[in-house]
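Structure first, commentary second.
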There are 2 protein chains.
Amino acid sequence: MPASSETDTFGFIVNDLSRIIRAEMDRRTGEAGLGLTTGEGRVLFNVRRAGPIRQTALAERLGIEAMTLSGLVDRLEGKGYVARQPDPADRRAKLVTLTDAGAAVVAQIEPIAAGIRSDAAQGIDPDDWQRLLVALRAARANLLTSRSEAQSTESTAA
Amino acid sequence: MPASSETDTFGFIVNDLSRIIRAEMDRRTGEAGLGLTTGEGRVLFNVRRAGPIRQTALAERLGIEAMTLSGLVDRLEGKGYVARQPDPADRRAKLVTLTDAGAAVVAQIEPIAAGIRSDAAQGIDPDDWQRLLVALRAARANLLTSRSEAQSTESTAA
DNA sequence: GCCATATAATAAGGATTACTTATTAATATG
DNA sequence: CATATTAATAAGTAATCCTTATTATATGGC
């Protein structure tokens, strides 16, 4: 991939990185015998972190629609990595929980993700890397803000 | 999106940003009456930059498979933004060129992309932003290297 | 010259991510 | 108690990207 002006700006680079990281994750987890997509991995990590959690809340955490999550949970449930349990507080809701098998898989994925991360950071000053993460989080927060502003003015205008 | 340890590392953030930027691009280009997907946009920018170019070379530039590009070019050709011309040097090959309409669309997209970029960079020190870009390009180069190394050892081992 | 091999593009088909709209069931509110 | 809201999902769509196989053309070795 060439480093030229307008075709190598922030958006392009981020898009490239996202595709490359996804492909690397697929490749390395595949080699390790773990058939897991990036989306499924994201769900597992977040379920582990956020404990038994309602699908709505989990979708919000992931920044995806409830319906999109529904399909991901279907697949993960089929693989035996998560379970849907009734929410005692609300009979409509289901709590997504990590199974033992799911926890084991997350533990296996963790070092793979860390490996990709350290490959990516190779040769970059650790302080620079920390600043990079801070700036990226700030950029994400900025874009989320401008998106929600656009949504609110839209609903005000319409 | 919460800022917690293992669920907010480099890969997760990059993935988030990629999704958010794509959604913002879709939204803003849609508002401007330009029905263009991110993939199509990438192709247009690269065709403008790399002039009449063979599909194989263009796919390589974009880091996607020739077949994937074929579909994108189909759609762009349908919209009248690019044309396939025979390569005088090789009758199998086709040169993808930007039409006048395509050039006009790229010119319209450019400020939209710049707007997203400036929204993202809001409140971040310009020097930090420059360092961010340098570090991101380095990370991308690192990952591309580790990928090609993995491919070569794979073929050696097998 | 001629055959084997390699290359350029594409046809065909599949997986994943993610969306929207509408439905069902259950809960909350006025 | 009727209405509105919420949780999950069914159904259908679209984009991106992949793999494998096919067709046409080039090219290098004999």
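Chain identifiers are assigned alphabetically (A, B, ...) following the order of the sequence lines, protein sequences preceding nucleic acid strands; residue numbering begins at 1 within each chain.
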**Request:** May I ask you to test the Leu36(A)-Tyr81(A) pair for a side-chain heavy-atom distance under 4.5 Å?
**Result:**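 Leu36(A) reaches Tyr81(A) side chain to side chain.
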
**Request:** Answer whether the closest heavy-atom distance between the side chains of Asp125(A) and Arg131(B) falls below 4.5 Å.
**Result:**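 A side-chain contact under 4.5 Å is absent here.
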
**Pairs meeting criterion salt bridge (charged side-chain N to carboxylate O under 4.0 Å, His left out) with involvement of residues 80-89 of chain A, two or more places apart** =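 Sorted result for residues 80-89 of chain A: Arg54(A)-Asp87(A), Asp74(A)-Arg84(A), Glu77(A)-Arg84(A).
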
How many whole angstroms separate atom [atom1] of [X] from atom [atom2] of [N]?
X        : N       : atom1 : atom2 : value
Leu76(B) : dA15(D) : CG    : P     : 12 Å
Asp16(A) : dC17(D) : CG    : C1'   : 14 Å
Asp90(A) : dT6(D)  : CG    : P     : 12 Å
Asp87(A) : dA8(D)  : CG    : P     : 8 Å

**Message:** Quick check: is Leu143(A) connected to Trp129(B) through a chain of hydrophobic side chains (ILVMFWY, heavy atoms under 4.5 Å apart)?
**Reply:**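 The answer is yes; both residues are in one hydrophobic cluster.
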
**Request:** Check whether Leu144(B) and Leu17(A) end up in the same hydrophobic cluster, where Ile, Leu, Val, Met, Phe, Trp and Tyr are linked by side-chain heavy atoms less than 4.5 Å apart.
**Result:** yes

**Request:** Supply the atom-to-atom distance Asp16(A) CG to Ser18(B) OG, rounded to the nearest 0.5 angstrom.
**Result:** 9.0 Å

**Asked** What is the per-nucleotide protein-contact pattern of nucleotides 9-21 of chain C, from the 5' end, where B denotes a base atom under 4.0 Å from a protein heavy atom, S denotes such proximity for sugar-phosphate atoms only, and - denotes neither?
**Response** SBBB---SSBBB-

